[in-house]
Amino acid sequence: MSEAPDKFNTPYQPQNVEGEIYKKWEESGFFNPDNLPLRLDAQGKQVEMEPFTIIMPPPNANGSLHAGHALFVTVQDILMRFERMRGKKTLWVPGADHAGFETQVVYEKKLEKEGRSRFEMQADDLYKEIMDFTLSNKSFMEGQIRQLGASCDWSREVFTLDERVIDTVYDTFKKLNDDGLLYRAPRIVNWCPKHQTSLSNLETERETRTDKFYYLKYGPFTIATARPETKFGDKYVVMHPDDKRYAQYSQGQQFELEWINGPITATVIKDESIDMELGTGVMTITPWHDPIDFDIAKRHNLPYEQVIDWRGKLLPIAGEFEGMNIKDARAKIVEKLQSKGLVEKIDETYSHEVPVCYKCGREIEPQVRPQWFISMQPLAQKAIEAVKNGDVRVLTENHEKILLHWLENIQDWNISRQIVWGIPIPAWSRSTDAHGKQSEEWKIQVEDPGDGWTRDPDTFDTWFSSGQWPFATLGYPDSNDFKTFYPTSVMETGADILFFWVARMLMLGLYRTGKVPFRDIYLHGLVRDAKGQKMSKSKGNVISPLEISNEYGTDALRMGLIVGNTPGTDLNLDPRKIGAYKKFANKIWNIARFVLSQEHDGEIKSELKDEFDAIAADVTKDIEEYRIYMAADKLYHYVWDRFAAEILEESKGKPEYGATLYYLLENSLKLLHPFMPFLTEEIWGSLPNKSTLLLIETWPVNARN
RNA sequence: GGGCGAUUAGCUCAGUUGGUAGAGCAACCCGUUUACACCGGGAAGGUCACAGGUUCGAGUCCUGUAUCGCCCACCA
């Protein structure tokens, strides 16, 4: 009888081995594709290694990793370890995201707690403070990614504010300008009065509200509005040209009327965008604070005037209401309208949707502000083609539909943000006075053009730079890495950032490099709590993956995140399920203990080998086709129900099984390694005659091609 | 308003191209004969939302209904 090493006398204790194992892997250098051992064919000739690349979605360096991070690290690590063992030249590029607005919001909350405010700080000081905050979070976060077992190449780690990333972003901005796809224009933007910045459409959410709907007398008309506080400057009344009720009024006709702060002159406008069914079929317009009104004003070349300031207070145009917060002002204004007999009726049950800031929930105040916009349609068109002709494949099919639908209805993208934490926009302006006409001249460049020029104080939307991540990280256009590893193999990320990030990467990648940035898009769903509720701090149901890892072991956490989790659908993370896989880890541990106590002599039983090889082939196919949840489940059942429960029991007292047991153990460890890397590596080190790491062992099934 | 999805055991969910329903947890009975009590054995539990259709055969494909959910959108 052989003896299993002493460590097998106690149950498997992940906390004792994981740190050491990770250190061994990292020090081996094999996370770096340049150091991988050469593969030789049967004739001893060196085999050309096919690249396999994943760019890790860079976690926001503003806090701890959450369950979603643990999920993507696990999925990607499984693919990387699988392909590495299959002899591919595997590169997994880790990163960290400065996460512009997101991080600034986190930092502002911190400032608030300290009784400070960013609006009282110098931009440079604020920037420096957030940088320190971000960098310390970044190194903290890197430790957590290691704890989850990520076999990524730390020597190639990229931060979204690295110089070469910024340079790439600047080049793209300039190219967009040169190609006529960039414009600066006063447009209605989504303005958050709390955060004092504009936001893209994706950064707003909708809330259904029941508000009062006021029917106001406007000269001979009745207009309906939910926002009387915006109506001070309304001097145009608009109706549909075909509306018979108002046929007697003609375009441009003027009339006098008594309004909130006195008599005004109004003008009739006919516009086909008016819905005759809604309200009274007549409305006045507030072009500065409403997108529809803005479009009407633009079509008819009407002036527009700001009524509400950037902090949500009324401007002098409001007369006696100047300086009031719009919320407080509404009731007072209605009171005054009522006293003047201008309120016809009030509908108390008007239900509508209002846009709110996705961070603070405050109502968005549409404001006109000159911003940088990208004309998205030409970019989207290329992306649509790439999806349709299969250059990029989307998992799953329903996400492909969602993506295409969004791309087909794309809107121009506002990439200016009025925050300091981000990449400064490389644009300079000066006003010129040509022929008595004031106008603004812009230059797109990083260097100061000289006297009289002022730099745009805004920064880029983070997603504009993130959208260039795959080619920026790989050193487009000249580096060897770019030539070797681009297009990358898989983009694996959350379905919730399909539009924010994946779609933008696809469009900008195609635009800059002419190639798709990734071949496959693998989207995972949201990680919810055991009951299927969204995790949130306020509910107190947030499950920290690191705590789970400490309690049950990283391998158990990984299995719990994978099994039963089909791509694209949400996953409920139940600690009890993780507990089940902790038991599985111990089961494998004890299988090893038993097998190591046997002599490994004799013949390998061919029917058991064939049976195993069939499972191995099956599992291989599952991983190749991204059914990793199924591969993990199959291994679980083979190892427990077949190998341990039947084969092992059958072998007791029969020494001729020795070689078979070793064969099955060794190869099971290989198959399990991508899923449960720590445990399998630890056992591998205890097998006789094993001097190399399991990390770079050869996968038991040949690659398909 | 438009789009996408879900409905399978008490709970949470799998079920790859259509071929007599599966897991984890919970609940029930039994068992400490040296791999493992982080265990073993056994039994129980589902008209696969509903109604039609295609098929020799449907949880799986098609149509409709109901309920739930998600995403997108400038209705005053």
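Lettering of chains follows the sequences in order, A, B, ..., and the numbering in each one begins at 1.
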Pair assignment for B/rG10, Watson-Crick or G-U wobble, requiring both distances under 3.5 Å: B/rC25

Spacing of the C1' atoms in B/rU32 and B/rA9 (rounded, Å): 31 Å

Salt bridge A/Arg330-A/Glu229, side-chain N to carboxylate O under 4.0 Å: yes

Pairwise P distance for B/rC29 and B/rA43, with rounding to whole Å: 16 Å

Pairwise 5' ranking along RNA chain B for A/Asp633 and A/Leu648, keeping only the more 5' one: A/Asp633

Of the listed nucleotides B/rG24, B/rA14, B/rC13, the one nearest the side chain of A/Thr569: B/rA14

Touch class at under 4.0 angstrom, heavy-atom based, for A/Tyr581 against every strand present: nothing

Phosphate-side-chain proximity, A/Tyr629 and B/rG15, N/O vs OP1/OP2 below 4.0 Å: yes

Opposite nucleotide pairing with B/rC75, Watson-Crick or G-U, both atom distances under 3.5 Å: none

Strand partner of B/rU63, provided both Watson-Crick or wobble distances fall under 3.5 Å: B/rA51

Flag side-chain contact, heavy atom, 4.5 Å: A/Tyr663 against A/Lys605: no

Any A/Gln598 side-chain N or O less than 4.0 Å from OP1/OP2 of B/rA35: no

A/Thr225 side-chain N/O to B/rA76 phosphate OP1/OP2 under 4.0 Å: no

Interatomic distance, A/Ile628 CD1 vs B/rG15 P [rounded to whole Å]: 13 Å

Sugar-phosphate, base or nothing in reach of A/Phe8, heavy atoms under 4.0 Å: nothing

Nucleotide opposite B/rG18 in a Watson-Crick or G-U pair, distances under 3.5 Å: none

A/Ala645, nearest nucleotide to its side chain (from B/rG41, B/rG15, B/rA35): B/rG41

A/Tyr350 side-chain proximity, nearest of B/rA76, B/rC38, B/rC36: B/rA76

Between P of B/rA23 and CZ of A/Arg627, the distance in whole Å: 20 Å

Intermediate values then yes/no, side-chain contact (heavy atoms from CB on, under 4.5 Å), A/Ile384 and A/Glu408: CA-CA 8 Å; A/Ile384 292 168; A/Glu408 279 158 4; 3.6 Å; yes

A/Asn572 side chain near B/rC13 phosphate (N/O to OP1/OP2, under 4.0 Å): yes

Rounded interatomic separation in angstrom, taking NE2 from A/His240 and P from B/rC75: 17 Å

Distance test, side-chain N/O of A/Lys652 to OP1/OP2 of B/rA35, below 4.0 Å: yes

Base partner of B/rG45, which must satisfy Watson-Crick or wobble distances under 3.5 Å: none

Atom-pair distance (CD1 on A/Ile588; P on B/rC39), nearest Å: 13 Å

Separation of B/rC11 P from A/Arg576 CZ (nearest whole Å): 13 Å

Touch class at under 4.0 angstrom, heavy-atom based, for A/His399 against every strand present: nothing

Strand partner of B/rC38, provided both Watson-Crick or wobble distances fall under 3.5 Å: none

Pairing nucleotide - B/rG5, Watson-Crick or G-U, each distance under 3.5 Å: B/rC68

Pairing partner (Watson-Crick or G-U wobble, both distances under 3.5 angstrom) of B/rG57: none

Closest non-hydrogen atom pair, A/Trp288 against A/Gln367: NE1-OE1, 2.9 Å

Aromatic plane relationship, A/Phe213 with A/Tyr350 - under 30° parallel, 30 to 60° tilted, over 60° perpendicular: parallel

Closest listed nucleotide, where the reference is the side chain of A/Lys583 and the choices are B/rG15, B/rC39, B/rC74: B/rC39

N/O (side chain, A/Tyr626) to phosphate O (OP1/OP2, B/rU16) under 4.0 Å: no

Nearest-neighbour nucleotide for the A/Asn201 side chain, B/rG24, B/rA76, B/rC74 considered: B/rC74

Lys/Arg N to Asp/Glu carboxylate O, A/Glu272 vs A/Arg299, below 4.0 Å: no

A/Ile591 CD1 - B/rA35 P separation (whole Å): 13 Å

Derivation of the side chain to side chain donor-acceptor pair (under 3.5 Å) call for A/His352 and A/Asp211: CA-CA 8 Å; A/His352 64 151; A/Asp211 284 320; 2.8 Å; yes

Which nucleotide in B/rC36, B/rG15, B/rC25 has an atom nearest any side-chain atom of A/Ala580: B/rC25

Listed nucleotide nearest any side-chain atom of A/Asn586, set B/rG40, B/rC36, B/rC25: B/rC36

Given B/rA76, B/rG5, B/rC25, the nucleotide with the shortest approach to the side chain of A/Asp275: B/rA76

Check: B/rC36 base within 3.5 Å donor-acceptor of A/Lys587 side chain: yes

Protein-nucleotide distance (A/Asn190, atom CG; B/rC74, atom P), rounded to Å: 8 Å

d(NZ, A/Lys582; P, B/rC36) in whole Å: 17 Å

Closest heavy-atom pair and its distance - A/Ile543, A/Met535: N-SD, 3.4 Å

Check: A/Glu649 side chain, B/rA35 base, donor-acceptor under 3.5 Å: yes

